[in-house]
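In what follows, a structure is listed as structure tokens, so that the remarks can point back to it.
The basis for the numbers below is simple: all heavy atoms, side chains too, and nothing from hydrogens, waters or symmetry mates.
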Amino acid sequence: MGCSSCSSGKDGQPKGCKNNGTCGTDGCNKLTVFDWLSNMSLPSGVAPFHCVEVRFKNGRKSFFKNTENLSLSIGDIVATEASPGHDVGIVTLTGELVRIQMKKKKVDVDSEDVKKIYRKASQKDIDIWQKARDREQAIQVRSREIAIRLKLQMKISDIEFQGDGSKCTFYYTAEERVDFRQLIKEFAQEFSTRIEMRQIGFRQEAARLGGIGSCGRELCCSTWLTDFRSVNTSAARYQQLSLNPQKLAGQCGKLKCCLNYELDAYIDALKEFPKTEIKLETEKGTAVCQKIDIFKGYLWYAYEGEWMNWHKISADHANEIIEANKKKEKVPSLEEFASELIEDTKVDFENVVGQDSLTRFDQPKRSKRRRNKNRNRNKKKVAVEKQNPTAQKSKEGNQESKNANRKQNQRNRKRKPQQRKNNNDKS
């Protein structure tokens with residue numbers, strides 16, 4: 001997700017909104033909401049919705065009341081109410097879509113948690129905000145050193161300063177309960193600011209920090225996923241995936257959220273399949289299910305005692321055999337229902353351009369050793385010819401005699417079959 005005009009300039013700084021990483025148009029930010037009502041005007045006599053959505057560092061967002069009736073648009077930097085002081089954020093959503101988002105997240109408009117916007121941020125507010133943001137990286141490194149020295153089983157994953165620099169929030173993850181009373185004292189003495197410790201889960205940590213998943217795309221939790229549903233290993237079993245924790249785990253160390261995306265489709269497809277623990281009774285023997293293919297609708301069965309010979313049958317035929325077994329009837333064998341195990345090996349793509357290889361016009365590289373040998377050999381020949389020209393002439397004569405003898409031998413070979421044929425005719 002990024003703006004089309006955010007390519008790098010000559011000095012390495014991004015173009016576009018000129019905010020150098022904090023996109024002012026909210027096109028490069030996390031958990032961005034597309035305002036599909038932006039080009040629609042309100043009916044006459046209807047006042048615009050008085051709440052807006054404001055984004056702070058990473059994916060932290062909140063709703064605020066526009067009590068001063070400020071003319072706000074997406075990308076405006078505003079100073080909002082905080083406790084204590086004020087915070088600085090970027091407006092990410094305005095209008096009627098904010099009402100829908102608040103209803104979706106079950107936020108009451110009249111609630112005390114919905115605070116108000118003071119003003120549009122002045123240049124002084126922005127300078128203080130940027131100066132506080134520049135301190136975050138160094139403070140994060142120092143805070144981790146202090147936590148390690150105190151031997152606390154916790155990981156400080158992110159730090160966020162309030163817009164006025166009066167408070168610093170430390171986000172951390174921990175397996176167990178942590179006693180950080182001494183840690184807060186040292187933080188307050190070291191950093192000279194108000195300290196707030198906030199524990200988050202491993203999924204929330206991955207959503208805040210972001211990253212690239214095993215699919216090659218940005219993490220769903222940091223781009224668009226807002227609710228974290230529980231993921232069980234049964235989702236992997238339904239989808240016929242191997243229960244390998246290294247492959248099923250995401251950046252957060254938990255099971256991947258994407259295991260739930262297609263789970264409903266798999267469950268609906270499996271309703272047409274018989275249960276894998278049901279055995280098929282035939283006159284040839286009892287067959288046990290070995291594997292299923294949900295997409296193609298096939299099952300593989302093997303007779304007890306003949307585990308190496310698999311028979312592929314469709315789900316409909318398997319259901320027919322099970323129905324016959326319920327009536328205490330046995331089919332002769334699975335071979336009558338088995339499909340041919342001939343796999344289609346046809347390539348799905350063809351090279352229509354005709355460019356088989358990018359290096360098809362390149363000349364093969366000759367080894368330098370062979371090239372040097374040929375050069376030395378030619379040099380020796382030239383030197384011998386200059387020293388002894390008579391030897392060269394005799395050598396040429398010998399070569400001519402060899403060629404003449406070779407031609408004579410070829411003539412004799414052609415005559416011999418003809419002579420043999422004549423002798424056979426005489427006899």
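When the shell of 6.0 Å around CD of Gln189 is examined, it contains 12 or fewer heavy atoms from other residues, nucleotides or ligands. Heavy-atom contacts from other residues, nucleotides or ligands closer than 6.0 Å to CH2 of Trp36 number 12 or fewer. Atom CZ of Phe63 has more than 12 neighbouring heavy atoms from other residues, nucleotides or ligands inside a 6.0 Å radius. When the shell of 6.0 Å around CZ of Arg149 is examined, it contains more than 12 heavy atoms from other residues, nucleotides or ligands.
Among residue pairs with one or both ends in residues 267-289, those qualifying as side chain to side chain donor-acceptor pair (under 3.5 Å) are Lys279-Glu304, Glu281-Thr286, Lys284-Glu335; sequence neighbours excluded.
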Quick one, Asp87 with Lys167, criterion salt bridge (Lys or Arg N to Asp or Glu O under 4.0 Å). Give me CA distance, side-chain angles, the key distance, then yes/no. CA-CA 10 Å; Asp87 205 349; Lys167 187 176 72 171; over 6 Å; no
Test log, rule side-chain contact (heavy atoms from CB on, under 4.5 Å), inputs Arg203 and Val231: CA-CA 12 Å; Arg203 294 184 187 273; Val231 185; 4.1 Å; yes
Between Glu81 and Lys116, does the salt bridge (Lys or Arg N to Asp or Glu O under 4.0 Å) criterion hold? Intermediate values first, please. CA-CA 6 Å; Glu81 182 184 0; Lys116 61 182 179 179; 5.5 Å; no
Checking side-chain contact (heavy atoms from CB on, under 4.5 Å) for the pair Val54/Val78: CA distance, chi angles, key distance, verdict? CA-CA 8 Å; Val54 180; Val78 294; 4.2 Å; yes
Under the side chain to side chain donor-acceptor pair (under 3.5 Å) criterion, do Gln123 and Asp127 qualify, and how do the steps go? CA-CA 6 Å; Gln123 187 61 41; Asp127 293 339; 3.0 Å; yes
Take Leu183 and Met154 through the test side-chain contact (heavy atoms from CB on, under 4.5 Å) and record every step on the way to the result. CA-CA 11 Å; Leu183 183 69; Met154 60 184 296; 3.8 Å; yes
Step by step, would you call Lys256 with Lys247 a side-chain contact (heavy atoms from CB on, under 4.5 Å)? CA-CA 9 Å; Lys256 294 179 182 178; Lys247 292 183 178 181; 5.8 Å; no
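In this model, no donor atom of one side chain and acceptor atom of the other lie less than 3.5 Å apart for Asn244 and Gln246. Checking Glu218 against Thr223 by side-chain atom types alone, no donor-acceptor pair falls below 3.5 Å. No donor-acceptor contact under 3.5 angstrom links the side chains of Asn325 and Glu329, judged on distance only. Under the 3.5 Å distance criterion, with hydrogens and angles disregarded, no donor-acceptor pair is assigned to the side chains of Ser71 and Lys120. For the residue pair Ser166 / Asp164, a side-chain donor-acceptor distance below 3.5 Å is found, with atom types taken as modelled.
Between Trp224 and Tyr261, the ring planes are tilted. Angles from 30° to 60° get that label.
Here the two rings, on Phe180 and Phe170, have centers that are 6.0 Å apart or farther. Annotation: Phe295 is in aromatic contact with Tyr266 [ring centroid separation under 6.0 Å]. For His311 and Tyr303, the distance between ring centers is under 6.0 angstrom.
Of all heavy-atom pairs between Pro274 and Leu299, the closest is CG-CD2, 4.0 Å. For the pair Ser230 and Asn260, the tightest heavy-atom approach, listed with the atom from each and the gap, is O-ND2, 3.3 Å. Here the closest heavy-atom approach between residue Ile294 and residue Tyr238 is recorded as CD1-O, 3.6 Å. Taking both residues in full, the closest heavy atoms of Leu334 and Ala287 are given as CD1-CB, 3.4 Å, listed atom of the first, atom of the second, then distance.
Cation-pi geometry between Arg208 and Tyr171 is met: the NZ or CZ atom falls under 6.0 Å from the ring centre, inside 45° of the normal.
Counting only distance, with no hydrogens or angles, the side chain of Asp293 and the backbone of Gly297 share no donor-acceptor pair below 3.5 Å. Formation of a donor-acceptor pair under 3.5 Å by the Asn309 side chain with backbone atoms of Glu306 is not found in this model.
Salt bridge Asp113/Lys115: absent, no basic N to carboxylate O contact under 4.0 Å. Salt-bridge annotation for Arg119 and Glu68: absent, with no side-chain N of the basic residue lying under 4.0 Å from a carboxylate O of the acidic one. Here Glu196 pairs with Arg198 in a salt bridge; the nearest charged N to carboxylate O distance falls below 4.0 Å.
Residues Ile200 and Thr173 form a side-chain contact, since some pair of their non-hydrogen atoms from C-beta on lies under 4.5 Å apart. Residues Tyr301 and Gln290 have side chains not in contact (no heavy-atom distance under 4.5 Å, counting atoms from C-beta outward). Proximity of Ser157 to Tyr172: side-chain heavy atoms (C-beta onward) are nowhere separated by under 4.5 Å. Side-chain contact between Asn232 and Leu259 is absent, with no heavy-atom pair separated by less than 4.5 Å. Looking only at side-chain heavy atoms (C-beta outward), Val88 and Ile77 come within less than 4.5 Å of each other. Contact check for Glu160 versus Arg60: side-chain heavy atoms found under the 4.5 Å cut-off.
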